[in-house]
Enquirer: 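Okay, handing you the structure first.
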Number of protein chains: 2
Amino acid sequence: MLNSRIMTSRFSTRPLYLQVRDALAERIAGGEWKLGTAIPNESDLARQFGVSPGTMRKALDLLEAEHLLTRRQGRGTFVNDQASEELAVRYSNIRGGGGERVGGDVQLLSIAEGPVSESECLRLRARMHERVHRIRRLRLSEGRPYMLEEVVMPAALFPGLSEQVPSHRIVVLAQQFGVLLGKGEERITIASASPDVAGALQVEPATPILNLDRVVYTFDGRPAEWRLGRCHLSDEYYLAEFK
Amino acid sequence: MLNSRIMTSRFSTRPLYLQVRDALAERIAGGEWKLGTAIPNESDLARQFGVSPGTMRKALDLLEAEHLLTRRQGRGTFVNDQASEELAVRYSNIRGGGGERVGGDVQLLSIAEGPVSESECLRLRARMHERVHRIRRLRLSEGRPYMLEEVVMPAALFPGLSEQVPSHRIVVLAQQFGVLLGKGEERITIASASPDVAGALQVEPATPILNLDRVVYTFDGRPAEWRLGRCHLSDEYYLAEFK
DNA sequence: AAGTGGTCTAGACCACTCA
DNA sequence: GAGTGGTCTAGACCACTTG
């Protein structure tokens with residue numbers, strides 16, 4: 001309906017296709033469309049929003065590039081299930097010897113809510129006195145522990161997370177809480193396993209390990225997770241891609 | 001002129017905007033436009049190629065996403081200098097403590113041409129009996145050696161490379177030889193410095209190091225370089241990004 | 001055959017840069 | 001004020017998928 005168009009564009013110079021994208025992203029995050037199902041075709045959507053088909057197309061193409069939608073010629077436009085196998089790979093760059101994603105079991109070691117520390121503030125761009133969830137887990141591949149994780153997530157985005165047994169996959173958690181994920185970055189260094197890390201990973205103390213220091217941001221650029229992974233690889237490797 | 005349009009599209013079902021992109025990419029690779037200068041505006045180009053402005057725009061936007069052009073509203077469309085500081089970062093993910101790109105000196109240890117080995121065939125998707133250049137270099141940051149590199153490049157793409165003292169930056173080399181670079185991937189593992197690697201890096205034998213196993217492809221997907229880097233980081237870290 | 005997204009056209013108007 | 005790329009429109013036709 002014309003309503004949407006007027007509401008979004010009258011008082012803003014922000015490009016129309018971005019306003020439309022944001023509005024569609026909100027519908028997706030809010031779960032108004034069922035995962036994996038087709039949404040209305042682009043000319044219907046264009047009419048609904050009171051914009052031209054070309055503008056609607058530009059918004060939809062953007063959302064596809066941002067991994068929220070999948071478009072298929074002759075079939076339709078579908079809402080992506082972020083927990084699907086294809087998209088789960090997105091923030092996990094560890095690959096097995098054959099190039100496949102490393103799955104495996106996960107042990108939850110601890111989970112608690114508390115106020116942010118100073119170092120967490122820097123990484124999560126949080127204000128002092130904000131609250132965060134802290135999770136420790138151990139990831140195993142075929143029974144062998146290969147990564148010890150310390151995860152920090154803002155309570156503002158994931159309220160009440162510590163009261164449940166949360167999924168160990170950030171894409172699943174984000175979907176549960178209606179948070180859309182966007183870019184991320186990971187800093188990799190070599191370190192030496194401290195006694196307790198070595199204990200958890202079942203290696204000798206001082207064994208060389210990879211430190212994976214990762215921040216994942218939301219769709220609109222707010223930090224959603226800081227994860228420090230201590231990683232002991234055997235066959236596996238870390239895969240970085242240049243686009 | 002109408003000529004281009006007819007030649008490119010008459011006998012092909014490949015989308016017009018891709019044909020136009022390829023034609024423009026060839027002009028850029030061939031050095032027909034000077035680096036850093038503005039090319040004709042999009043309506044002139046559209047007329048030249050006999051396509052609509054919208055189609056030309058789509059081709060130009062693609063080339064910008066592929067790092068060959070830069071477009072600036074009100075100024076024009078410019079041919080990117082691949083050796084510029086911004087683009088040099090593209091295939092080099094090592095960052096200093098402050099997040100800046102690591103520059104520094106480079107020592108050329110050896111360079112020679114020869115037939116591909118079996119392992120090189122796999123990585124470079126080369127046919128047996130093709131020829132390659134092999135380069136060994138040492139990279140230093142503020143006088144300290146931090147990476148020993150073994151580089152293999154197909155002689156088909158870089159003819160006569162071994163007869164010169166080549167640049168140590170792949171983006172510069174590619175530009176010299178009219179090769180357009182595209183995607184790449186890097187596999188990261190932990191290793192232990194062998195005696196000769198340790199000697200070159202001036203560390204104790206068996207010091208833990210990063211192995212960076214990288215393949216860079218051309219614009220049209222042919223392998224252009226295989227590089228094995230043995231890397232001893234101190235302050236620096238490896239930065240991987242999720243898009 | 002009907003419906004979808006993908007391509008292509010041919011404009012208009014706006015925002016920005018620079019002389 | 002002239003020239004550039006950025007946005008937006010309103011269609012037509014094509015390629016593909018499905019009933």
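For the numbers below, each heavy atom of this structure counts, side chains included, while hydrogens, waters and symmetry mates do not. We name chains A, B, ... by the order of the sequence lines, and we start the count at 1 in each one. Bear in mind the structure is a predicted one, so any value in this text is a computation, not a measurement.
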Enquirer: D61(A) has a side chain; which of dT4(D), dG6(C), dG5(C) sits nearest to it?
Expert: dG6(C)

Enquirer: I'd like to know if D44(A) pairs up with R47(A) as an ion pair, taking the criterion as any Lys NZ or Arg NE/NH1/NH2 lying under 4.0 Å from an Asp or Glu carboxylate oxygen.
Expert: yes

Enquirer: Using a cut-off of strictly less than 4.0 Å, decide whether Y17(A) has a side-chain nitrogen or oxygen near OP1 or OP2 of dT7(D).
Expert: yes

Enquirer: Ring of Y217(A), cation from K183(A) - is the NZ or CZ under 6.0 Å from the centre and inside 45° of the axis?
Expert: no

Enquirer: Rounded to the nearest angstrom, tell me the gap between atom CE in M56(A) and atom C1' in dG11(D).
Expert: 17 Å

Enquirer: Take the protein atom CG of D44(B) and the nucleotide atom C1' of dG5(D), then report the distance between them rounded to whole Å.
Expert: 13 Å

Enquirer: Establish, with yes or no, whether the OP1 or OP2 oxygen of dT4(D) is under 4.0 angstrom from a side-chain nitrogen or oxygen of N41(B).
Expert: yes

Enquirer: E64(B) has an atom CD; how far is it from atom C1' of dT4(D), in whole Å?
Expert: 14 Å

Enquirer: Is there a donor-acceptor contact under 3.5 Å linking the side chains of Y238(A) and E186(A)?
Expert: yes

Enquirer: Are any of the side-chain nitrogens in R139(B) or E149(B) under 4.0 Å away from the carboxylate oxygens of its partner?
Expert: yes

Enquirer: Can you tell me how far C1' of dC13(D) sits from CG of L16(B), to the nearest Å?
Expert: 13 Å

Enquirer: Take atom CZ of F49(B) and atom C1' of dC8(C), then tell me their distance rounded to the nearest Å.
Expert: 17 Å

Enquirer: Under 4.0 Å: is that the gap between some side-chain N or O of T55(B) and OP1 or OP2 of dT7(C)?
Expert: no

Enquirer: Less than 4.0 angstrom between a side-chain N/O of K58(B) and OP1 or OP2 of dT7(C), yes or no?
Expert: yes

Enquirer: For R72(B), which contact category applies under a 4.0 Å heavy-atom criterion: base, sugar-phosphate, or nothing?
Expert: sugar-phosphate

Enquirer: Atom CD of Q73(A) and atom C1' of dC8(C): how far apart are they, to the nearest Å?
Expert: 14 Å

Enquirer: Decide, yes or no, whether a salt bridge links E42(A) with R57(A) under the criterion of side-chain N to carboxylate O below 4.0 Å.
Expert: yes

Enquirer: Could you give the CZ-to-P distance, from R57(B) to dT7(D), as a whole number of Å?
Expert: 7 Å

Enquirer: If you assign each of L18(A) and R75(B) to its closest nucleotide in DNA chain D, which residue comes earlier from the 5' end?
Expert: R75(B)

Enquirer: So, does S52(B) get its side chain near the phosphate of dC8(C), meaning an N or O under 4.0 Å from OP1 or OP2?
Expert: no

Enquirer: In whole angstroms, how far is the C1' atom of dC16(D) from the CZ atom of R71(A)?
Expert: 14 Å

